[in-house]
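Structure record follows, encoded as structure tokens.
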Amino acid sequence: MKLITAVVKPHRLDEIKEALQAFGVHGLTVTEASGYGRQRGHTEVYRGAEYTVDLVPKIRIEVLAEDDDAEELIEVVVKAARTGKIGDGKVWSLPVETAVRVRTGERGPDAL
Amino acid sequence: MAPAIMLAADAPRLSSANTGFMLICSALVMLMTPGLAFFYGGMVRVKSTLNMLMMSFISLGIVTILWVLYGFSLAFGTGNKLIGWNTDWFGLSNIGLTELWDGYTIPVYVFMVFQLMFAIITPALISGALADRVKFSAWALFITLWVTVVYVPVAHWVWGADGWAYKLGVIDFAGGTAVHINAGAAALGVILVIGRRVGFKRDPMRPHSLPLVMLGAGLLWFGWFGFNAGSWLGNDDGVGALMFVNTQVATAAAMLAWLAYEKIRHGAFTTLGAASGAVAGLVAITPSGGAVSPLGAIAVGAIAGVACAAAVGLKFRFGFDDSLDVVGVHMVGGIIGSLLIGFFATGKGQSAATGVFYGDHTFTQLWKQCAGVFAVLAYSLIVSAVLAFLLDRTLGMRVTEDEEVSGIDQAEHAETAYDFSGAGGGVTATAAPAQAAAQTRKVDA
């Protein structure tokens with residue numbers, strides 16, 4: 001199994017959710033996050049004083065997938081998240097040792 | 001505040017219309033202090049919101065009491081050119097219910113309470129420069145001393161019938177000199193003594209809630225109609241109405257001017273700019289609104305809007321930490337409004353004095369304005385700095401660096417403005433018995 005994590009622009013959430021549902025993903029976890037990549041945040045002006053705000057709002061989406069689906073799923077997320085502008089975010093995957101559905105105790109792929 | 005023009009045969013009689021109007025104006029001015037608290041409170045960081053609100057709010061408590069005890073008597077009693085004196089007014093001990101303010105149609109009580117609201121908001125204005133770092137006890141004592149040795153005499157100079165500035169012919173309709181320059185200069189004096197916030201020019205100190213700032217600015221604008229239009233102490237000759245119109249006009253012009261300046265210099269029309277511009281316009285029209293025409297008010301507002309927008313950056317250049325720009329907005333705005341009387345006074349409002357652009361085109365009034373402005377500025381700056389120095393040497397003016405960094409709300413008030421934590425913590429001993437009792441009842445049931 002793989003854990004696919006995407007840190008992306010908040011306004012892409014709906015597209016990503018729809019794309020994942022179309023792919024057949026049943027569940028996902030969304031967290032509000034903040035951070036920066038190469039673009040280093042933005043500038044705000046208060047009475048002429050400029051403040052750089054490094055950390056910009058992002059969302060972090062996490063999905064568990066079977067090994068065979070992982071590559072394709074990453075592509076689905078990347079495609080849905082892309083706007084072509086700077087700050088679109090990153091997607092990565094990690095191996096997962098085990099997963100358990102809390103309600104039933106099912107393990108592994110059955111728990112997804 | 002010139003004595004109303006009365007026909008010789010008519011002794012003033014109590015006017016219920018003017019009295020009612022002035023009671024409403026007094027209530028409007030009272031609302032400005034909590035409005036100011038929100039204006040300032042939104043501009044500080046989350047960790048010092050409550051302290052900022054409290055520094056304004058405490059003025060409502062302290063100044064009210066000392067105004068009744070001796071402030072009103074010393075400010076407005078007849079005395080000499082420098083200070084007033086009226087033993088009947090100590091503790092308001094001997095004022096008749098229908099006794100009239102000399103030359104007017106409103107009771108002494110009404111005049112007293114209207115002026116009280118001015119005395120409350122003036123020290124509260126200073127607090128914006130001292131955000132995040134002043135011990136609350138030291139601030140409370142500072143207000144007490146400052147109102148006694150700075151506000152009371154200055155109010156007497158400018159508005160007392162025998163005050164030197166009033167006799168000289170300095171025009172200060174509703175407090176450009178006595179309130180705004182006075183508070184702004186005091187703020188400068190105090191911050192030169194107590195120094196900058198920890199992390200000034202290094203850490204981001206962005207406003208934590210611009211909606212609160214807008215709410216506060218809106219309340220200030222609303223209350224300012226009482227502040228300005230009420231300062232004629234009645235409505236028998238239309239000067240109060242002129243003042244009401246000019247208040248609105250100058251404020252609008254200043255807001256637009258500040259926004260235009262900002263768009264050109266910094267590329268955006270900001271919320272804080274709109275709120276600050278409005279306040280700058282209100283400040284500038286305060287001394288001048290009874291003397292200028294509505295077109296003059298547009299000029300006063302626009303000039304103040306641009307000048308104050310430019311002035312607020314000076315703290316970074318000179319390195320003094322005027323946290324919320326009390327000097328840049330109130331002192332500079334007050335100076336501009338007071339001096340522009342010397343140019344724009346038409347002679348058709350509160351007095352026959354005319355500025356450079358009207359009448360016989362002389363600089364006479366401008367020089368008088370300069371005298372008032374710079375005397376108050378110097379007196380307030382020096383005495384306030386001395387007060388701050390004395391308090392710093394005795395009580396200590398500032399909280400510890402640790403307390404300042406972790407938040408003055410928690411350190412000085414044992415409270416926090418917002419609850420961001422969904423979990424953790426427990427109930428301490430003082431609150432626990434109630435909880436235990438509630439649990440016991442549940443078991444019994």
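Letters go in sequence order (proteins before strands), and every chain restarts at 1.
- The line from CZ of A/R47 to NZ of B/K315 is 7.0 Å long, rounded to the nearest 0.5 Å.
- Heavy atoms of B/T270 lying under 4.5 Å from chain A belong exclusively to its side chain.
- Remark: A/E72 CD is loosely packed, at most 12 non-hydrogen atoms of other residues, nucleotides or ligands lying under 6.0 Å away.
- Atom CZ of A/R82 sits in a sparse spot, with 12 or fewer heavy atoms from other residues, nucleotides or ligands closer than 6.0 Å.
- For NE2 of A/H26, the number of neighbouring non-hydrogen atoms (other residues, nucleotides, ligands) closer than 6.0 Å is 12 at most.
- More than 12 heavy atoms of other residues, nucleotides or ligands lie within 6.0 Å of OH in B/Y418, so this atom counts as buried by the packing criterion.
- Annotation: maximal heavy-atom pairing with chain A below 4.5 Å, among B/A310, B/G267, B/P204, occurs at B/P204.
- With a 4.5 Å cut-off on non-hydrogen atoms, A/Y51 touches chain B through its side chain but not through its backbone.
- Both the backbone and the side chain of B/R206 come within less than 4.5 Å of a heavy atom of chain A.
- The number of heavy atoms from other shown groups lying within 6.0 Å of CD (A/E106) is above 12.
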